[in-house]
Trainee: 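Would you mind keeping the following structure in view while I ask a few things?
Model, not experiment: these values are computed from the prediction. When reading the values below, keep in mind they use all heavy atoms of this one structure, side chains included, and skip hydrogens, waters and symmetry mates.
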Amino acid sequence: ALGEGCIAEDINQKSLTILRQVARKHAKELGSSGQPVERDGRYVPLRVYIHRSSEAQAVREYMEAHADQRPCPFVLLALELRLAVRYDPSALDASLASVADRLRKQAK
C-alpha cells in the first residue's frame, strides 16, 4: 500500500525513478482492477507486483534501507499473496507481444 510519507532521495537514480512511478500510477499493462480500500474514510492505494519484478525489488530495498522512516511512503501488507490471474479480452489485446509477455510473467 502507499503510505503518506515522501520518498527519500538518498538512493540511486534508477530506483528513485521506479519508486516514483510506483507511487504515481499502476502500470497499464497489468490491467489490474479491484475494489478501492478505505480506512477512516480515506482511500488507501494498493499495488500488487510480481515478487521478482523491478518494482517489487525497488520497494523491498527501499523499505529495508529506510525501516525507521515515519511516515513511510510504502507499507508492505503481505510478503506473499496467492492469487489467480484472469484477463478481460475486451480490456487487453493478447495479440500484442508486450501484453502477452506481461500475462506470461504474471502467470509464473
Trainee: Only counting residues at least two apart or in another chain, list the ones meeting side-chain contact (heavy atoms from CB on, under 4.5 Å) with Ala56.
Mentor: Tyr49, Ser53, Arg60
Trainee: Quick one: closest heavy-atom pair of Ala8 and Ile11, and the distance?
Mentor: O-CG1, 3.9 Å
Trainee: With sequence neighbours excluded, tell me which residues meet side-chain hydrogen bond (donor to acceptor under 3.5 Å, both in side chains) with Asp68.
Mentor: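 Listed in chain order: nothing, the list is empty.
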Trainee: Of the non-hydrogen atoms in Asp93 and Val99, which two are nearest, and what is the gap between them?
Mentor: O-CB, 3.4 Å
Trainee: Find the distance between CZ (Arg24) and CG (Leu19) and round it off to the nearest 0.5 Å.
Mentor: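 If we round to the nearest 0.5 Å, Arg24:CZ and Leu19:CG are 11.5 Å apart.
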Trainee: Any idea which heavy atoms bring Ala23 and Leu2 closest together, and the distance?
Mentor: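 Looks like O-CD1, 3.4 Å.
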Trainee: Can you name the residues that form a side-chain contact (heavy atoms from CB on, under 4.5 Å) with Glu64, not counting sequence neighbours?
Mentor: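 Expected list: none.
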Trainee: Please round to the nearest 0.5 Å and tell me the distance separating atom CD of Gln21 and atom CD of Glu55.
Mentor: 6.5 Å
Trainee: With sequence neighbours left out, write down each residue that passes side-chain contact (heavy atoms from CB on, under 4.5 Å) with Ala100, or none if nothing qualifies.
Mentor: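 Here the qualifying residues are Arg104.
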Trainee: Could I get the full list of salt bridge (Lys or Arg N to Asp or Glu O under 4.0 Å) partners for Glu4, not counting sequence neighbours?
Mentor: Arg42
Trainee: With Tyr62, which residues qualify under ring-ring contact (aromatic ring centres under 6.0 Å, His included), at least two apart?
Mentor: His66, Phe74
Trainee: Got a sec, which residues hit side-chain hydrogen bond (donor to acceptor under 3.5 Å, both in side chains) with Glu9, two or more places apart in sequence or on another chain?
Mentor: Arg20
Trainee: Determine the minimum heavy-atom distance between Pro73 and Ile7, stating which atoms define it.
Mentor: CB-CG1, 4.0 Å
Trainee: I need the minimum non-hydrogen distance between Leu77 and Ala1, along with the two atoms involved.
Mentor: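 Shortest heavy-atom contact: CD1-CB, 3.8 Å.
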Trainee: So, using side-chain contact (heavy atoms from CB on, under 4.5 Å) as the criterion, who are the partners of Ala94 when residues are at least two apart?
Mentor: Tyr87, Leu103
Trainee: If we count only N and O atoms by modelled type, under 3.5 Å, do the side chains of Ser15 and Asn12 hold a donor and an acceptor together?
Mentor: yes
